[in-house]
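Worksheet for the structure shown next.
These numbers come from the heavy atoms of this one structure, side chains and all, not from hydrogens, waters or symmetry mates.
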Amino acid sequence: MHKAANHTYNKTRTFELILSAMCIALVFVATMMLNIKLPIAANGGLVHLGTAMLLIVSILFGPKTGAIAGAFGMGIFDLVSGWTLWAPITFISRGLQGYIAGKIAWSNGRKGNHIAINILASIVSMPPMIAVYYIGEGILYGNWIQPMASIPGDLVQNILGLIISIPVCAFLKKIKAFQ
């Protein structure tokens, strides 16, 4: 590899690594900052700002960064906050959600620049996330009825994330650094 090309490659890889680490931290902090356990059944769910940050990261930076930030940011939250059993499920569900939202928002060269597509991306990412948690909880508890109690909390959390993330992304996309 040519020396200049190698330097550019290393610089790009370093930037991607730093960006991913920062986004993981942002998702983790947003999840820790405000989280409310819903009083629905035993495991009615947890509402937090991590979903909004996951969607923001996915829309601003694309599917790879969205998947990494969602999987690791919320997975680490589970590990350090008493939800350890849920960490593998969260890793899969939130990684998938970040990937789907980013993939759609960045489809056809859009790079998260189209508000209607960003809304669609966020909405389409919700059912797979909810399905993975449902299946994971069903496996954990050996019961396919009980996990239904978590679905309302998952919906509230995702709708809140959508309501917060779309205007934030629209605002940030006006700033040169995010274009």
Side-chain angles (χ1 to χ4, degrees), residues 19-20 22-40 43-81 83 86-87 89-107 110-137 147-175 178:
L19 178 64
S20 293
M22 288 175 50
C23 289
I24 289 167
L26 286 169
V27 170
F28 173 77
V29 169
T31 307
M32 285 290 289
M33 194 167 65
L34 171 68
N35 61 72
I36 302 163
K37 186 172 185 328
L38 295 177
I40 305 170
N43 293 298
L46 190 68
V47 175
H48 53 72
L49 295 178
T51 303
M53 188 58 72
L54 164 63
L55 293 172
I56 290 167
V57 167
S58 299
I59 291 166
L60 292 179
F61 302 113
K64 181 180 174 185
T65 306
I68 291 168
F72 285 97
M74 288 193 212
I76 292 167
F77 166 80
D78 282 354
L79 290 173
V80 302
S81 64
W83 297 86
W86 293 92
I89 299 164
T90 295
F91 187 87
I92 294 166
S93 66
R94 295 314 188 134
L96 183 62
Q97 184 174 26
Y99 180 81
I100 291 169
K103 189 72 171 173
I104 294 169
W106 279 55
S107 64
R110 286 188 188 93
K111 295 187 177 184
N113 290 320
H114 195 280
I115 291 175
I117 298 299
N118 295 345
I119 293 169
L120 176 67
S122 299
I123 292 170
V124 170
S125 76
M126 294 176 192
M129 171 265 181
I130 293 169
V132 171
Y133 272 116
Y134 175 84
I135 292 166
E137 188 171 347
M148 286 192 256
S150 297
I151 293 173
D154 291 340
L155 288 170
V156 167
Q157 183 177 128
N158 278 282
I159 291 167
L160 180 65
L162 173 70
I163 291 168
I164 293 169
S165 66
I166 298 302
V168 169
C169 287
F171 172 77
L172 291 173
K173 281 293 186 175
K174 293 178 184 177
I175 298 170
F178 294 104

Q. Can you tell me how far the CG atom of Leu96 sits from the CZ atom of Phe91, to the nearest 0.5 Å?
A. 11.5 Å
Q. Would the number of heavy atoms belonging to other residues, nucleotides or ligands and lying under 6.0 Å from OH of Tyr99 be above 12?
A. no
Q. Side chains of Glu137 and Ser150: closer than 4.5 Å at any heavy-atom pair?
A. yes
Q: With the side chain counted from C-beta on, respond yes when Leu55 and Val168 share a heavy-atom pair under 4.5 Å apart, and no when they do not.
A: no
(Q) Please report the interatomic distance CE(Met53) to OG(Ser58), rounded to the nearest 0.5 Å. (A) 11.5 Å
Q. Of all heavy-atom pairs between Ala69 and Ile24, which one has the smallest distance, and what is that distance?
A. CA-CG1, 3.8 Å
Q. So, does Thr90 use its side chain to make a donor-acceptor pair with the main chain of Ala87 at under 3.5 Å?
A. no
Q: For residues Leu60 and Cys169, determine if any side-chain heavy atom of one lies less than 4.5 Å from a side-chain heavy atom of the other.
A: yes
Q) Do the non-hydrogen side-chain atoms of Cys23 and Phe61 ever get within less than 4.5 Å of each other? A) yes
Q: Looking only at non-hydrogen atoms, find the nearest pair between Ser122 and Ser125 and report the distance.
A: O-OG, 2.8 Å
Q | Side chain proximity check, Val27 to Phe77, heavy atoms < 4.5 angstrom | A | no
Q. Can you name the closest pair of heavy atoms from Trp106 and Gly62 and give their distance?
A. NE1-N, 3.2 Å
**Q.** Minimum side-chain heavy-atom gap Met33-His48 below 4.5 Å
**A.** no
Q) Do you know which two heavy atoms are closest between Leu54 and Gly98, and how far apart they sit? A) CD1-CA, 3.6 Å
Q) Going by heavy atoms in the side chains, are Phe72 and Arg94 under 4.5 Å from each other? A) no
Q. Looking at CG of Leu160 and CG of Leu155, how far apart are the two atoms once the value is rounded to the nearest 0.5 Å?
A. 12.5 Å
Q) Hey, is CD1 on Ile115 packed in by over 12 heavy atoms from elsewhere, all under 6.0 Å? A) no
Q) To the nearest 0.5 Å, what is the distance between CG (Leu49) and OG (Ser165)? A) 11.5 Å
Q. Quick one: does Lys111's side chain get under 4.5 Å of Phe178's, heavy atoms only?
A. no
Q | Atom of Pro147, atom of Tyr134 and distance for their closest heavy-atom approach | A | CB-CD1, 3.3 Å
(Q) Would you compute the distance between atom CD1 of Ile130 and atom CD1 of Ile135 and round it to the nearest 0.5 angstrom? (A) 12.0 Å
Q | Residue pair Met74 / Thr31: nearest heavy atoms and the distance that separates them | A | CG-OG1, 3.6 Å
**Q.** Within 6.0 angstrom of Lys103 NZ, more than 12 heavy atoms from elsewhere
**A.** no
Q: With rounding to the nearest 0.5 Å, note down the distance linking CG in Asn118 to CG in Leu162.
A: 10.0 Å
